[in-house]
Amino acid sequence: MTAGAARPDAAPATAAPAVPTDLCEPHGAAIIGHGPYDGRYPVSAFASAAVATFATAVAELLGGDATPLVDARLASAWFDRAVRPREPLPSPWHPLSGDYRAADGWVRLHMNVPAHRAAALAALGVDRVVADGEAPHDVDRNELAAAIELWSAREVEESVVAAGGCAAALRSVAEWSEHPQGRAVAEQPLVTVTVGERAERAWPELGVERPLAGVRVLDLTRVIAGPVATRALALLGADVLRIDPSDWSEPALEPDMTLGKRCARLDAHDVEGAATLAALIAESHVLVHGLRPGALDRLGLDTATRAALRPGLVEVQISAYGPIGPWAERRGFDSLVQLVTGIADVRTADNPEAAPAALPVQALDHATGWVAAAAAVRGIAHARDTGRGSSSHVSLARTAFDLHRMAARPGDGLFAPDAEQRPVEPDDDALPAHPVDTHWGVVDVVATPFSIAGVRAQAIQPPRPLGTDDADWTPAEVTARRTRSTDAVSVPRRRVPVWAALSGLLVWAGQGVPLTLGAAMLGTAVPNPGWWTSPVWVAGAVAQALALLLTWVVLARFTTVVGILAATLPLGMLAHVSAATAVALATGAASPPALDAWLNLLALHWASGAALIAASIPILLMLTPLGAGAGSLTRRAFAPRYARRRRGRRAA
């Protein structure tokens with residue numbers, strides 16, 4: 001049943017969740033400011049409308065009278081990157097991905113996924129068969145381009161798709177509107193909703209500050225719309241668990257697409273992995289997936305099985321071309337949908353051979369993601385009220401249909417329809433953001449693009465690499481405790497070697513002074529008063545640095561800073577005293593028996609205050625930006641200088 005089309009025999013309680021019919025209106029939210037993306041298509045206005053659709057759904061879930069606010073500039077920024085690493089990441093595009101000139105037009109190949117790349121090269125006859133003993137030889141772009149020039153654009157599209165790859169021939173808006181799939185998309189609502197059976201299962205208590213706290217969202221999505229949807233749900237406190245296959249990677253997108261989530265891997269094609277996935281579905285509240293029709297069925301998780309595993313499940317599916325039509329099962333990505341729907345078509349009578357021109361951001365992916373998140377929120381609200389789950393379907397092509405409609409509206413001051421589409425970068429320094437320490441170093445997380453009175457819309461989990469977590473549902477209270485303990489001071493592993501080396505150096509330089517003075521005052525001889533050149537002291541400092549390094553490398557994976565410090569202090573001291581005593585005895589610098597020498601040196605450490613210095617150095621180092629990282633501490637003193645300037649400007 002589609003949204004807004006109730007069955008004649010349906011009672012009001014079984015009606016589908018109300019959904020917006022298009023993205024051409026803000027749906028009750030107030031949009032402030034303007035975004036930077038103007039041109040042939042109103043991308044910034046489109047971004048604001050998509051975020052407003054989600055914010056409105058959240059406000060309706062809460063049932064209050066508050067009007068959501070959407071910052072157009074921040075909405076556009078989130079359509080680009082919500083998480084901005086300070087260190088460069090690899091390009092998201094494979095060298096063979098892109099637009100190619102065919103014999104009669106343009107065609108685009110999406111070659112990022114190895115399986116899709118292999119299928120396309122095989123279909124076009126340019127894959128390499130390597131003989132025994134022959135070194136592998138990759139196909140280069142020029143070779144591929146030369147092969148494509150011998151084909152028509154539609155032949156390339158159909159051949160690659162039939163082989164299991166991803167391709168799209170450039171079409172005009174008129175050509176797409178007459179295409180069977182284009183007509184099917186135009187007849188679909190923005191969100192297609194089917195209502196499930198009633199289920200007696202309790203939902204977590206609804207709170208205003210974190211509306212989705214305790215709601216378990218199983219994320220079976222990748223690149224980019226699905227991860228955007230689940231990221232939006234995580235902003236409201238949902239416990240999002242993303243599942244990826246063991247061989248999947250997307251290094252250029254991981255920081256942005258994993259914000260607020262836990263990330264695990266499993267192989268759903270083996271018995272154990274399939275059982276784990278079924279158990280995760282049974283314990284989830286929301287399932288978001290971008291799998292093609294039949295993919296879950298082949299894993300033994302068809303619609304009936306999912307309903308039996310989790311009665312009342314709220315399900316959201318994302319596809320490229322929608323649930324009906326000849327292309328319903330076709331693979332697709334944002335860049336391909338832009339070509340087939342005519343968005344990328346800039347050909348004119350004066351320039352009939354013009355190459356495709358992409359939007360400045362992956363607007364179809366991002367807008368579809370926010371719409372999918374809105375569908376999930378409305379499904380949750382409906383399930384709370386009626387006990388009935390639902391299945392919603394959104395697609396990139398249907399979202400593109402609304403972008404066309406928005407561009408066709410009379411000028412409303414939000415964009416200039418005749419302007420050149422240009423990728424204007426937002427002023428990163430002017431965007432409100434906060435730094436966070438991650439696997440990729442310090443990243444800047446742009447402020448949430450919407451606000452609702454009383455709601456704290458902020459991701460708790462920092463971005464993380466895929467496969468970081470276990471494939472299970474951690475109790476919410478355990479997650480909360482873990483979050484509170486790790487948010488105070490994190491342990492950036494890339495800084496462990498620097499921290500350990502510097503700690504050992506400071507111990508070597510700092511302990512010797514009180515040790516020498518203490519020995520003189522106590523009338524105790526030290527192995528060598530010239531401690532800074534003594535092999536005894538150097539050996540102790542090196543041993544302590546190595547002990548600290550190994551302890552931090554091992555324990556940083558399992559415990560927090562407090563636990564690591566508790567372990568490093570005695571271990572570091574033990575290593576230092578043991579190594580110094582061993583060298584002293586070996587070199588004849590100490591004459592007493594080994595045990596007496598060890599006990600004397602240990603007592604001298606504590607009596608002279610050298611042990612206090614050894615204890616304080618690791619703690620002091622971990623409370624500095626060098627040791628803990630600027631993003632690990634929320635205090636003003638540890639924020640980057642540019643962030644303090646921004647806050648100062650806003651306060652002024």
Tell me, please, which residues at least two apart from H393 pass ring-ring contact (aromatic ring centres under 6.0 Å, His included). none
W248: which residues meet the ring-ring contact (aromatic ring centres under 6.0 Å, His included) condition with it, sequence neighbours left out? none
Any idea which heavy atoms bring [X] and [Y] closest together, and the distance?
X: P211; Y: L206; result: O-CD1, 3.4 Å
X: F79; Y: A47; result: CZ-CA, 3.5 Å
X: V191; Y: S392; result: CG1-CB, 3.8 Å
X: P435; Y: V442; result: CB-CG1, 3.8 Å
X: S335; Y: H110; result: OG-CD2, 3.8 Å
X: F54; Y: A232; result: CZ-O, 3.6 Å

Verify side-chain contact (heavy atoms from CB on, under 4.5 Å) between L396 and D365, making sure each step is shown before the conclusion. CA-CA 6 Å; L396 304 184; D365 263 331; 3.6 Å; yes
Between [X] and [Y], is any pair of side-chain heavy atoms under 4.5 Å apart?
X: V446; Y: D80; value: no
X: L74; Y: P432; value: yes
X: Q338; Y: F333; value: no
X: T399; Y: W370; value: no
X: L235; Y: F450; value: yes
X: H434; Y: Q458; value: yes
X: D444; Y: L431; value: no
X: L403; Y: I343; value: yes

Check: [Y] main-chain N/O paired with [X] side-chain donor or acceptor under 3.5 Å:
X: S249; Y: P251; value: no
X: W93; Y: N112; value: no
X: W440; Y: P88; value: no
X: D256; Y: V83; value: yes
X: S48; Y: I31; value: no
X: R84; Y: R81; value: yes
X: T468; Y: C263; value: no
X: R231; Y: L259; value: no
X: D219; Y: V240; value: no
X: R73; Y: H34; value: no

Using salt bridge (charged side-chain N to carboxylate O under 4.0 Å, His left out) as the criterion, list what pairs up with D244, not counting sequence neighbours. R242
Between L236 and V215, is the side-chain contact (heavy atoms from CB on, under 4.5 Å) condition met? List the steps. CA-CA 10 Å; L236 302 177; V215 174; over 6 Å; no
With sequence neighbours excluded, what pairs up with E209 under the side chain to side chain contact (heavy atoms under 4.5 Å, CB included) test? R456
Residues two or more places apart in sequence or in another chain: which of them pass side chain to side chain contact (heavy atoms under 4.5 Å, CB included) with D472? R262, D470, T474
Measure the [atom1]-[atom2] distance between [X] and [Y] for me, rounded to the nearest 0.5 Å.
X: D239; Y: K261; atom1: CG; atom2: NZ; value: 12.5 Å
X: R384; Y: L61; atom1: CZ; atom2: CG; value: 6.0 Å
X: T276; Y: I243; atom1: OG1; atom2: CD1; value: 9.0 Å
X: L233; Y: R216; atom1: CG; atom2: CZ; value: 15.5 Å
X: L220; Y: T230; atom1: CG; atom2: OG1; value: 10.0 Å
X: T438; Y: E254; atom1: OG1; atom2: CD; value: 10.5 Å

Run the side-chain contact (heavy atoms from CB on, under 4.5 Å) test on W78 and V361 for me, step by step, so that the C-alpha distance in whole Å, both residues' side-chain angles and the decisive distance to 0.1 Å come before the verdict. CA-CA 10 Å; W78 276 62; V361 291; over 6 Å; no
Mind running ring pair (Phe, Tyr, Trp, His ring centres under 6.0 Å) on H285 and W203 for me, showing each step along the way? CA-CA 8 Å; H285 299 98; W203 281 77; 5.1 Å; yes
List the steps and the verdict of side-chain contact (heavy atoms from CB on, under 4.5 Å) for V43 and S76. CA-CA 8 Å; V43 173; S76 296; over 6 Å; no
Just to verify, what does E315 make a side-chain hydrogen bond (donor to acceptor under 3.5 Å, both in side chains) with, not counting sequence neighbours? H289, R306
Are more than 12 heavy atoms from other residues, nucleotides or ligands located less than 6.0 Å from atom CG of D65? no
